[in-house]
Amino acid sequence: MAIVKKSLSKANFYINFKIVYKSVLETPLFSNMILRRITNPIYKKVNSKCSFITAVVFTIFIQVNFGQESALVFQKGIEKNVKGDQIHHYKLNLNQGELLQLDVLQKNVDIQVLAIFQKNDTIQQFDSPNGQNGLEIVELPISESGTYSFKIIPLIPKTNKDSIRTNFIKTINGSYQIQKFKILSRNEHNQLIEFREAQKDSVISWIRETSIPLKSVKAETGLEDFSHLKPILKDVQIVGLGETSHGTREIFQMKHRMLEFLVKEMGFTIFGIEASHVGCRPINDYVLYGKGNSRDALSAQGFWVWNTEEVIDMIEWMRDYNKTVTEDKKVQFVGFDTQMTALDTAYKNVSSFVNNIEERMRPRMGLDTIIDQLKDQQKRREILKDGLAIRTKLHQLMSYLVLNELRFVHTNSRSTYESVLSDLRKIIQGVESGDQKLEKELQYNIRDEYMAQTVLEVLQKKGQEAKMVLWAHNSHISKNIDSHVNGYKKPLGSVLKGYIGKKYYAIGFSTFKGSFQARNYSVENDKFDKVASFKIYPSEEGSLDWYFEKSKKDIFFINFNDKSHPNAVNNFLNNKHKTNNGGANWTFEYSYSPTRDIEPGKFFDGMIFIKETSSATLTPGGKKEIEKRLAQGK
C-alpha cells in the first residue's frame, strides 16, 4: 500500500478511504453480512470526522490482511484441485431476468457452491447429497441486476469439531471441473420457463392416465385393485419394496399388504428384511412353527426401527397364513443385513464348535478374545477403524474349516458344519462391512454386496422357482448402480439386477406430506436422543412427490417399464428430482424435511405413492431398546 504522507489533508483521506473501502468490500471475502456490519460503522465514523489515525490504521489493516483478491473465471473442462478448506472465488455481472446454469463435476471431494449477491448480501447454497463424486447443479434466476460472487468450497460436516475437524480438513484432497456454464438471456429464460411448464403438464397427464389407484394401505381388505400388477410381475423372482424412512406407518402397512398380494396371488414364499440374518431366526421359527411369541422374536433381531406395531401385525398375519397352507406354500421370514447386530447366536455357535475341536488340532488364534471385542460396541468401533488384523485371523479360521471339511463333517454332521460356516461367514461379512479403512480403500459398497449375496444364498437353498419379497430403504432397493448408499455406489438392488436382470423388480415409495418416526440427533452436541415424530413438509414444486400429488390420487402404483414414453416423460424419469428421504435419525435443529435427488426411472421399475403418511408406532420392546441405547450412550 502507498504510504500516506503527513501532508495529506483529511478531506483527501476521506476520499481515498472511500475508494479503498469500496474496493475491499467488493472482494468475495467481504461480500457477506457479518463483515459489512463490522466495517460500515467505521466507514460512517470516518465520514463524521473521527480520529484520522484510527481511519489510517483500519485501512492499512484491511489492505495488509485481506487485500484486493482476484476472482477466478468459470471455464469448462479445466480441472481445479481442492485441498483442505481451500476456497475458490468467482465473480459475475448478471442482469435481471437472466438465468445462470452451472454444472460442477466433483471428484473425490464433497463440494458446495455458494451464490452471493453483494448488493444485499443474500446467499444461496447448492449442495446435492451425492457424496464426493457427481454433479453439483446450479440454476440461479437473477431477480436483480448486479455483481454476484460464487464460492466453491469443500463441505465440512458441522458435527466435526476441534481436532476431528482439523484432521478431516487434512484429508480433503480432490478436484472439480466446470462441465456447463451458461447465462440465458431474459428471453431465453422465459422460453425455458414456458417449455418446462408444458413438460410439467405432459408429465402430470401421464401420471394421471397411467397410475393405478389403490384403495387402501391395510392388509386383508381385498386384493382386486392389485389385479393390474399381475402381468407386470408375472416373471419376477425378487420384488424389492422400498421406503422413504425407517419409521413410516402407512408405508409399513402397504408393504404388509403387498406381501399378502405376492404370497396369495403370485406364489412368493420368502420374506426378507433389512435386519440381521442371524437375529431374524427366532421370527422365522415363530411364523413357521409357532415357537415363542412374535414380540420377543421381533426384539431379538436387534433393530429398533422394525420393532413396531405395524411389523408385529405383519408377523402375526404370516403366522396365521402359515397355519392354513401346505408346507410348500408357507412363508419364511429371513434377515439379509450384514451389520454387526444380533450376532450372539453366531458367536456362540462358532466358538462352541472351535473349542470342541481336539486341542492339538485346534487353531490358536484367540477366537474368544476376538468375539469379546466384537460384542463390545466401543471396542468394536475402535478395532474396525482398521480391521485388517481381525479380518486376517477370521479368514484363517474360515480357511482351516473349509480345508478340513471331511473331518469336521465326519466328527459332527453336515448340517452342524454348514451352520458353523454360515455363521462365521456372517461374522466376517459384518466385520468387513464395518471396516472403515477397507471400505475407503476399496471405494466399494461392501455391505450392500453382502446383502445381495445373502438374498441369493437364501433363494438358492429354497430352489430355482422360489420367489422372494424384500423390505428395505429406497436407497438399498434402488437398481441404479451409480446411486449412493452411505457414500458408496452399487446398492443392493443394482447388485441383484446385475445377477438376475429383469427378474428383479424395484418398487420405490413416495409421500407428499405427513410425519415419520426417527431418533432425534443433536448436531450441536453430537448426541442421539429419544425417538420422536418429525414433520414432513408439503413437497416443493418440481419435486417427484409434488408431481405425484398432482395426480389427485391419494394412493397409487405406477409402472415405469411400460411401453415407450413421450419425450417429456422420458426426461422426467431420467432426470433428477427431489424426493422425501429420511432414515433412522433426524434432528429438530433443522427446519426442513430430509430429501435426496433421484432419477426415478433409473432407480426404480415402479413406485407406490401415498399422499399423506404418519409416524410408525414403537412396541414396548422397541421403547426398551431405545432406553437401553440411551443408558449406554449410544
For Gln332 and Thr269, run side-chain hydrogen bond (donor to acceptor under 3.5 Å, both in side chains): C-alpha distance rounded to whole Å, both residues' side-chain angles, the deciding distance at 0.1 Å, then the answer.
-> CA-CA 6 Å; Gln332 291 179 243; Thr269 57; 5.9 Å; no
Taking Arg249 for its side chain and Ser515 for its backbone only, find out whether a donor-acceptor pair lies under 3.5 Å.
-> no
Among Thr613, Thr579, Asn580, side-chain hydrogen bond (donor to acceptor under 3.5 Å, both in side chains) partner for Thr511 = Thr613
For Val485, which residues count as a side chain to side chain contact (heavy atoms under 4.5 Å, CB included) partner, sequence neighbours excluded?
-> Asn445, Asp448, Ser475, His476, Pro491
With sequence neighbours excluded, residues passing side chain to side chain contact (heavy atoms under 4.5 Å, CB included) with Pro566 = Val569
Does any pair with a residue in residues 232-251 pass ring pair (Phe, Tyr, Trp, His ring centres under 6.0 Å), and if so which ones, sequence neighbours excluded?
-> His246-Trp306, His246-His473
side-chain hydrogen bond (donor to acceptor under 3.5 Å, both in side chains) between Lys553 and Ser211, intermediate numbers included = CA-CA 9 Å; Lys553 299 176 184 178; Ser211 59; 2.8 Å; yes
Listed by chain and number, what are the salt bridge (charged side-chain N to carboxylate O under 4.0 Å, His left out) partners of Arg380, not counting sequence neighbours?
-> none
Does Lys255 pair with Glu310 as a salt bridge, N-O distance under 4.0 Å?
-> no
Polar contact flag, side-chain donor to acceptor under 3.5 angstrom, Arg196-Gln199 | no
Main-chain N/O of Phe303 paired with Gln301 side-chain donor or acceptor, under 3.5 Å | yes
Could you tell me if the ring centre of Tyr504 sits under 6.0 Å from that of Tyr499?
-> no
So, Glu449 versus Tyr444: side-chain donor-acceptor pair below 3.5 Å or not?
-> yes
Residues passing the side chain to side chain contact (heavy atoms under 4.5 Å, CB included) test with Asn585, sequence neighbours excluded, are Arg519, Phe528
Residues that Asp376 engages under salt bridge (charged side-chain N to carboxylate O under 4.0 Å, His left out), provided they are two or more places apart = none
For Lys489, what residues pass the salt bridge (charged side-chain N to carboxylate O under 4.0 Å, His left out) criterion, not counting sequence neighbours?
-> Asp482
Qualifying residues under salt bridge (charged side-chain N to carboxylate O under 4.0 Å, His left out), relative to Asp545, sequence neighbours excluded | none
Check side chain to side chain contact (heavy atoms under 4.5 Å, CB included) between Leu259 and all other residues, then give those that pass, not counting sequence neighbours.
-> Val263, Phe271, Met314, Trp317, Met318, Val469
Only one of Asn561, Asp605, Asn559 passes side-chain hydrogen bond (donor to acceptor under 3.5 Å, both in side chains) with Tyr505, and that residue is Asn559
Keeping to residues at least two apart or across chains, list the side-chain hydrogen bond (donor to acceptor under 3.5 Å, both in side chains) pairs with something in residues 258-268.
-> Lys230-Glu265, Glu260-Lys264
Between Gln112 (side chain) and Asp127 (backbone), is there a donor-acceptor pair under 3.5 Å?
-> no
How about Phe560 and His565: are their ring centroids closer than 6.0 Å?
-> no
Selection residues 616-626 - residue pairs positive for salt bridge (Lys or Arg N to Asp or Glu O under 4.0 Å), sequence neighbours left out = Glu625-Arg629
List in chain and number order the residues that pass side chain to side chain donor-acceptor pair (under 3.5 Å) with Tyr450, two or more places apart in sequence or in another chain; answer none if no residue qualifies.
-> Glu432
